[in-house]
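For reference, the structure discussed in these notes is given below.
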Amino acid sequence: VQLQASGGGLVQAGGSLRLSCAASGRTFSRYTLGWFRQAPGKEREFVAALSWSGRGILYADSVKGRFTISRENVKNTAYLQMNNLKPEDAAVYYCAAYRKSLYYADPEVRRISEYAYWGQGTQVTVSS
């Protein structure tokens, strides 16, 4: 699976952005997808995960209630809708596909090391 993230940009605090993750390959629909982010000087951190079936969803506490992860398997695309953005949300956002198909379990899907396929990242900047 090859992934490409897009949709980042500059937004004022309180604003919204929708990130997209376009995947190539016929097996996209079989993989749990995750969004992660990395701010300057900080470690990459988990943001959200969505199972291949769409029935399993997890969010980091810091984004719960503001971010929504979704996917359209027919379009081989995943999304991260980000509302009420805060300056602390500024980071490079990465989408990733889990290393095993048809697998979803917490806390494994929160772990960076469990993802084998990564997009190149898209920058999100939030001005206060």
Side-chain angles (χ1 to χ4, degrees):
V1 179
Q2 292 183 318
L3 305 171
Q4 183 169 356
S6 62
L10 172 64
V11 64
Q12 287 188 328
S16 299
L17 280 175
R18 188 176 80 157
L19 306 183
S20 298
C21 177
S24 62
R26 295 174 296 174
T27 59
F28 170 82
S29 62
R30 297 168 62 87
Y31 288 88
T32 288
L33 295 178
W35 284 97
F36 295 80
R37 66 186 183 186
Q38 187 168 17
K42 295 187 177 181
E43 294 185 351
R44 193 170 298 188
E45 64 177 6
F46 169 78
V47 175
L50 178 62
S51 69
W52 81 94
S53 66
R55 290 193 289 270
I57 302 179
L58 281 172
Y59 294 99
D61 288 344
S62 59
V63 306
K64 203 172 292 184
R66 300 187 297 121
F67 290 12
T68 302
I69 188 173
S70 61
R71 65 192 298 164
E72 290 186 84
N73 286 339
V74 293
K75 294 185 177 181
N76 274 10
T77 304
Y79 305 97
L80 185 68
Q81 177 67 42
M82 306 186 295
N83 297 329
N84 189 22
L85 282 160
K86 304 176 180 180
E88 53 263 41
D89 294 318
V92 177
Y93 282 71
Y94 299 88
C95 60
Y98 198 78
R99 61 183 179 85
K100 293 192 295 187
S101 63
L102 303 179
Y103 186 86
Y104 175 88
D106 187 9
E108 285 89 337
V109 296
R110 299 175 186 266
R111 298 173 184 159
I112 294 168
S113 60
E114 294 288 325
Y115 289 80
Y117 310 97
W118 291 84
Q120 84 286 7
T122 184
Q123 177 74 50
V124 172
T125 305
V126 184
S127 63
S128 56

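Side chains included, hydrogens not; waters and symmetry mates left out as well; all remaining heavy atoms used.
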**Asked** Is the number of heavy atoms from other residues, nucleotides or ligands under 6.0 Å of Glu45 CD greater than 12?
**Response** yes
_Hydrophobic cluster membership, with links at side-chain heavy-atom distances under 4.5 Å among I/L/V/M/F/W/Y: are Val109 and Leu102 in one?_
yes
Hits for ring pair (Phe, Tyr, Trp, His ring centres under 6.0 Å) against Phe67, two or more places apart or cross-chain, chain-then-number order -> none
Between Ala97 and Tyr31 the two heavy atoms that sit nearest each other are CB-CB, 4.3 Å
Residue set satisfying side chain to side chain contact (heavy atoms under 4.5 Å, CB included) with Ser16, at least two apart, ordered chain then number -> Gln81, Asn83
query = Are the side chains of Val63 and Arg37 in touch, meaning some heavy atoms are under 4.5 Å apart?
reply = yes
Residue set satisfying salt bridge (charged side-chain N to carboxylate O under 4.0 Å, His left out) with Arg111, at least two apart, ordered chain then number -> none
Grouping ILVMFWY residues whenever side-chain heavy atoms fall under 4.5 Å, the cluster of Phe28 otherwise contains Leu33
Across all chains, not counting sequence neighbours, the salt bridge (charged side-chain N to carboxylate O under 4.0 Å, His left out) partners of Lys42 are none
d(Leu3 CG, Ser20 OG) to nearest 0.5 Å is 12.5 Å
Separation between OG (Ser128) and NZ (Lys86), nearest 0.5 Å, reads 14.0 Å
Item to complete: Indicate yes or no for a side-chain donor-acceptor contact from Gln120 to the backbone of Ala5 under 3.5 Å, with no hydrogens or angles considered.
Response: yes
Residues passing the side chain to side chain contact (heavy atoms under 4.5 Å, CB included) test with Ser51, sequence neighbours excluded, are Thr32, Ser53, Tyr104
Contacts of Trp118 meeting ring pair (Phe, Tyr, Trp, His ring centres under 6.0 Å) (sequence neighbours excluded), chain-then-number -> Phe36
Hits for salt bridge (charged side-chain N to carboxylate O under 4.0 Å, His left out) against Lys75, two or more places apart or cross-chain, chain-then-number order -> Glu72
Would you confirm whether Arg66, through its side chain, and Asn84, through its main-chain N or O, come within 3.5 Å as a donor-acceptor pair? yes
All heavy atoms of Ala48 vs all of Leu80, minimum pair found to be CB-CD1, 4.3 Å
Between the CZ atom in Phe46 and the CH2 atom in Trp35, the distance rounded to the nearest 0.5 Å is 13.0 Å
The side chain to side chain contact (heavy atoms under 4.5 Å, CB included) partners of Leu50 (sequence neighbours excluded) come to Ile57, Ile69, Arg71
Applying the 4.5 Å side-chain criterion to the ILVMFWY set and letting contacts propagate, would Tyr59 and Leu19 be lumped into a single cluster? yes
d(Ser24 OG, Gln4 CD) to nearest 0.5 Å is 9.0 Å
Residue set satisfying salt bridge (charged side-chain N to carboxylate O under 4.0 Å, His left out) with Arg110, at least two apart, ordered chain then number -> Asp106
Output for pair (Ser29 OG, Asn76 CG), nearest 0.5 Å, gives 7.5 Å
So the ring-ring contact (aromatic ring centres under 6.0 Å, His included) pairs with at least one residue in residues 74-95 (sequence neighbours excluded) are none
**Connected via hydrophobic side-chain network under 4.5 Å: Tyr103 and Tyr117** = no
Interatomic distance, CD@Glu108 vs OH@Tyr115, rounded to 0.5 Å, equals 10.0 Å
Review point. Under 4.5 Å between any side-chain heavy atoms of Asp89 and Met82, yes or no?
Key: no
Residue pairs meeting disulfide bond (SG atoms under 2.5 Å apart), one or both in residues 75-128, sequence neighbours left out, come to Cys21-Cys95
Between Val1 and Ala23 the two heavy atoms that sit nearest each other are CG1-CB, 4.2 Å
